[in-house]
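Have a look at the structure below, then the notes.
In this text the structure is predicted, and so the values were computed from the model without any measurement.
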Amino acid sequence: QVQLVESGGGLVRAGDSLRLSCAASGRTLSSYAMGWFRHAPGKEREFVASISWSGGAISYADSVKGRFTISRDNAKNTVYLQMNSLKPEDTAVYYCAARNGGRSVYKESYDYWGQGTQVTVSS
C-alpha cells in the first residue's frame with residue numbers, strides 16, 4: 001500500500017514560482033518511478049514530468065520544459081516539482097503518481113495517485 005499527499009499549491013501571479021511536494025507513506029518509495037500530472041478545466045489529465053527510481057532518468061512535457069524541475073529525495077520519501085516562470089495556462093489541479101516500475105509518460109501506467117493540489121496563476 002502506498003499513500004501520496006500533495007502540498008504547496010496556491011494562488012500566484014504570472015512569472016512567480018511555486019514548489020510542490022508529494023509525501024509518501026506505506027512502502028519505501030525508492031523502488032518506484034514517480035510522475036506529476038495536471039488537470040485543467042475542459043482538458044484531459046496530462047503528463048507534466050516523470051523521474052526514475054534512481055533519479056537518473058527524467059522526462060518533461062514540452063509545455064513545461066525549461067521552467068519546471070522534478071526531483072526526489074528517497075531518504076525523505078518525498079518528490080518535488082519546482083515550477084518557475086509560471087503562466088496562466090499552468091492553472092490546474094496537480095497530481096502526484098507512483099508506479100512500481102520504470103518511468104512513464106502515460107497516466108494509465110501509474111498505480112497510485114494523490115488527491116491533488118490546486119495551482120492558480122493570475123495575469
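Note on Tyr110 and Val48: separate hydrophobic clusters, where clusters join Ile, Leu, Val, Met, Phe, Trp and Tyr whose side-chain heavy atoms are under 4.5 Å apart, directly or indirectly. Residues Val93 and Val12 fall into different hydrophobic clusters, defined by Ile, Leu, Val, Met, Phe, Trp and Tyr side chains chained together at heavy-atom separations under 4.5 Å. In this structure, Trp113 is not a member of the same hydrophobic cluster as Trp36, with clusters built from ILVMFWY side-chain heavy atoms closer than 4.5 Å. Linking ILVMFWY residues whenever their side-chain heavy atoms come closer than 4.5 Å, directly or via other members, places Val64 and Ile58 in the same cluster. The cluster map of Ile, Leu, Val, Met, Phe, Trp and Tyr, joined by side-chain heavy atoms under 4.5 Å apart, puts Ile70 and Tyr112 in the same cluster.
With Ser50 contributing its side chain and Gly35 its backbone, the two residues share no donor-acceptor pair below 3.5 Å. No donor-acceptor pair closer than 3.5 Å links the side chain of Arg99 to the backbone N or O of Asp111. For the pair Thr91 (side chain) and Val121 (backbone), a donor-acceptor distance under 3.5 Å is present. Checking side-chain atoms of Thr78 against main-chain N and O of Lys76 turns up a donor-acceptor pair under 3.5 Å. Although no hydrogens or angles enter the test, the distance criterion places a donor-acceptor pair under 3.5 Å between the side chain of Asn74 and the main chain of Trp53. Checking side-chain atoms of Gln118 against main-chain N and O of Gly9 turns up no donor-acceptor pair under 3.5 Å.
Here the shortest heavy-atom pairing between Ala49 and Tyr60 reads CB-CD2, 3.7 Å. The shortest heavy-atom contact between His39 and Arg45 is CD2-N, 3.9 Å. Closest approach of Val119 and Met83 over heavy atoms only: CG2-CE, 3.9 Å. Taking both residues in full, the closest heavy atoms of Ser109 and Ser104 are given as OG-OG, 2.7 Å, listed atom of the first, atom of the second, then distance. Considering every non-hydrogen atom in both Gly8 and Leu18, the closest pair reads O-CD2, 3.7 Å.
Under the salt bridge (Lys or Arg N to Asp or Glu O under 4.0 Å) criterion, Arg103 pairs with no residue at all, not counting sequence neighbours. The ring pair (Phe, Tyr, Trp, His ring centres under 6.0 Å) test applied to Phe47 returns Phe37, not counting sequence neighbours.
Here the side chains of Lys107 and Glu46 are not in contact, with every heavy-atom distance at 4.5 Å or above. Proximity of Leu20 to Glu6: side-chain heavy atoms (C-beta onward) are nowhere separated by under 4.5 Å.
Tyr32 contributes atom OH, which lies 11.0 Å from atom CZ of Arg72 (distance to the nearest 0.5 angstrom). Going from atom OH of Tyr80 over to atom CD1 of Ile51 covers 11.5 Å, rounded to the nearest 0.5 Å. The structure places OG1 of Thr120 at 11.0 Å from CG of Asp90, a figure rounded to the nearest 0.5 Å.
Contact check on Asp62 versus Lys65 returns a salt bridge, with a Lys/Arg side-chain nitrogen under 4.0 Å from an Asp/Glu carboxylate oxygen.
Results of the side chain to side chain contact (heavy atoms under 4.5 Å, CB included) test with Cys96 over Leu4, Leu81, Val5, Thr117 single out Leu4 as the only residue that passes.
Applying the side chain to side chain donor-acceptor pair (under 3.5 Å) rule to pairs touching residues 11-20 yields Ser17-Asn84, sequence neighbours excluded.
By the 6.0 Å and 45° rule, Arg38 does not stack over the aromatic ring of Tyr95.
More than 12 heavy atoms of other residues, nucleotides or ligands sit less than 6.0 Å from atom CD of Glu89.
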